[in-house]
J.: 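Submitted below is the structure of interest, expressed as structure tokens.
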Protein chains: 2
Amino acid sequence: MINDLILKNIARHISLDKEETACFISSLKQRKVSKKEFILQGEEVCKYINFVHSGTLRAYYLDKAGKESTIMFAVSDWWITDIFCFINQQPAMLTIEAVEESIIFQLSKDELDRLYIKIPKFERFFRVIFQNAYIREQLRTIQNLSLSAEERYHIFLNKYPQVVKQVTQKQIASYLGITPEFLSTIRGHKHKK
Amino acid sequence: MINDLILKNIARHISLDKEETACFISSLKQRKVSKKEFILQGEEVCKYINFVHSGTLRAYYLDKAGKESTIMFAVSDWWITDIFCFINQQPAMLTIEAVEESIIFQLSKDELDRLYIKIPKFERFFRVIFQNAYIREQLRTIQNLSLSAEERYHIFLNKYPQVVKQVTQKQIASYLGITPEFLSTIRGHKHKK
DNA sequence: TGAAAAAAATAAGGTAGTTTAAGAAATTCA
DNA sequence: TGAATTTCTTAAACTACCTTATTTTTTTCA
């Protein structure tokens, strides 16, 4: 069944009975997103937190000069949103785009707030989700501050092999905070030796 | 009363009755930390999440070469820990040091886990705390990727005026990911015009 | 208080990473 | 399929930021 993956994701941290499961499932919108389609863009308010059932999405910041900075990739079994704008229900800072055709489940802020009240276990679930997200971001900050681009690149390759398969060098460069040209020279180093 | 500040901090997101308040307070250890004293260091396991009642603390990563990268500052009314090592109860990655004489409340991982069970409202409380921490870290990542050191410095001055008063230029530089020498030249720019 | 230590400023030379440009390779889609 | 678009590579010139060194200023603490 298509809901199995998201239910297994939830079950990793809390257990729901039948009724709760039904309630949760009914709060979701399933959506198919084609390659290069945006699920969040421009001045639009970020209404949803998204669970990736299949496919790959990318969230990036676009500055006035047109430079993209990739904030995160999300593959199957990951959650992704513009967290700041989702929580405050204000115009998006990030653009979220499908890197390949994907199926996602969308949970709106309203539904989530209702869920917190109706099934308080979801406080625990998202406490763990945000705790892990915070840990990941903090590790990334440590690496951004203390490592060279080349070291960060190799860590990325090891940490996210699934992502590496789906995205372009250009997108990886924008995640690492370097230009595609410089990433290309880094990649050159490996084979030289 | 010395507990007022932490109780007001909690009350911002959840409300506790008398008994719950007493239970929470009894799970805390109060501690006075003098300037330059460490509350987490070296290979020590990170046992506590810390609430700063008064004073200023700093968490930093120390690499093999001896370079410090400041991960966060915490002033009065903030929470600070080495979140990765606290959650996994493993040897610390970060060093946490008092920038000035401080009074903190320490909540151990064991006590926190007990609290989650006894008073599930704390799941909500820390869900909000971690959600906000995640938002802050993500904004920092966006800035690290898209802005110059000079822009990041001015944002830091505006965002954390309280911190700026207590810490050295050297510590701010290590938060921004630049050398103190370069921060000094940035500061020079302002007056030149 | 004053000697020692730490922090901050200034400056010169160096390097990691950028910019611009142009060609080669891979991907897209009518 | 093949023309158009995008991505990747290479390379040379450039710049933001680093390193090392020295001096000045501020802080520490016996």
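Chain letters run A, B, ... following the sequence lines, proteins first and then strands; every chain starts at 1. Quick caveat, the model's predicted, so the values are computed rather than measured.
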J.: Taking CD from B/Glu101 and P from D/dT28, how many angstroms apart are they, rounded to a whole number?
T.: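 B/Glu101 atom CD is separated from D/dT28 atom P by 13 Å.
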
J.: Heavy atom of residues 163-182 of chain B under 4.0 Å from DNA chain C: which residues?
T.: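 Residues of residues 163-182 of chain B under 4.0 Å from DNA chain C: B/Thr168, B/Gln169, B/Lys170, B/Glu181.
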
J.: Whole Å only: how far is the CG atom of B/Leu147 from the P atom of C/dG17?
T.: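 Rounded to the whole Å, the gap is 18 Å.
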
J.: When you measure from every atom of DNA chain C, which of residues 62-69 of chain A have a heavy atom less than 4.0 Å away?
T.: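 The stretch gives none, as no residue of it lies under 4.0 Å from the strand.
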
J.: About how many Å separate OG of A/Ser15 and NZ of A/Lys121, when rounded to the nearest 0.5 Å?
T.: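 The distance works out to 5.5 Å.
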
J.: Students often mix this up, so state it plainly: with edges at 30° and 60°, are the rings of A/Phe122 and A/Phe125 parallel, tilted or perpendicular?
T.: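 Rings of A/Phe122 and A/Phe125: perpendicular, as their planes differ by over 60°.
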
J.: If you define the side chain from C-beta out and look only at heavy atoms, does anything of B/Gln162 sit under 4.5 Å from B/Phe73?
T.: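 Of all side-chain heavy-atom pairs linking B/Phe73 with B/Gln162, none is under 4.5 Å.
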
J.: With a non-hydrogen cut-off below 4.0 angstrom, is A/Lys35 in contact with a base, only sugar-phosphate, or nothing?
T.: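 Result for A/Lys35 = sugar-phosphate.
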
J.: Cationic tip of B/Arg31 within the cone over B/Tyr48's six-membered ring, i.e. under 6.0 Å and within 45° of the normal?
T.: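 Judged by the rule (NZ or CZ under 6.0 Å from the ring centre, within 45° of its axis), B/Arg31 is not positioned above B/Tyr48.
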
J.: Between B/His53 and B/Phe105, how do the two ring planes meet: parallel, tilted or perpendicular, split at 30° and 60°?
T.: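 Perpendicular: the ring planes of B/His53 and B/Phe105 meet at over 60°.
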
J.: Indicate whether any N or O donor in one side chain lies under 3.5 Å from an N or O acceptor in the other, for B/Gln138 and B/Tyr134.
T.: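 Present: a donor and an acceptor within the cut-off.
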
J.: Under 3.5 Å, is there a donor on one side chain and an acceptor on the other for B/Glu137 and A/Thr141?
T.: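 Looking only at side-chain atoms, A/Thr141 and B/Glu137 do form a donor-acceptor pair, the distance falling under 3.5 Å.
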
J.: Has B/Lys118 got more than 12 heavy atoms of other residues, nucleotides or ligands less than 6.0 Å from its NZ?
T.: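 No, not enclosed.
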
J.: Just how far, in rounded Å, is P of D/dA16 from OH of B/Tyr153?
T.: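 Distance, rounded to whole Å: 19 Å.
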
J.: Which angle, to the nearest 10 degrees, lies between the helix axes at the two ends of the helix from C/dT1-D/dA30 to C/dA30-D/dT1, each defined by five pairs?
T.: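 For the helix from C/dT1-D/dA30 to C/dA30-D/dT1, the axes at opposite ends meet at about 60°.
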
J.: What integer distance in Å separates A/Leu183:CG from C/dG17:P?
T.: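 Whole-Å distance recorded here is 11 Å.
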
J.: When the distance from CD of A/Glu150 to P of C/dT18 is rounded to whole Å, what number comes out?
T.: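 In whole Å, C/dT18 P lies 13 Å from A/Glu150 CD.
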
J.: Rounded off to whole Å, could you give me the CD1-to-P distance for the B/Ile186 and C/dT10 pair?
T.: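 These atoms are roughly 14 Å apart.
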
J.: Any chance you could measure B/Arg136, atom CZ, to B/Met72, atom CE, to the nearest 0.5 Å?
T.: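 Spacing of CZ (B/Arg136) from CE (B/Met72) equals 5.5 Å.
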
J.: With a 4.0 Å limit, can you tell me whether B/Arg187 has a side-chain N or O closer than that to the phosphate oxygens OP1/OP2 of C/dA8?
T.: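 Checking B/Arg187 against C/dA8: no side-chain N or O falls below 4.0 Å of OP1 or OP2.
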
J.: Is the terminal nitrogen or CZ of B/Arg58 (NZ for Lys, CZ for Arg) located under 6.0 angstrom from the six-membered ring centre of B/Tyr175 and within 45° of that ring's axis?
T.: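 The answer is no; the distance or angle limit is not met.
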
J.: If you define the side chain from C-beta out and look only at heavy atoms, does anything of B/Asn144 sit under 4.5 Å from B/Arg140?
T.: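 Yes; the side chains approach each other to less than 4.5 Å.
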
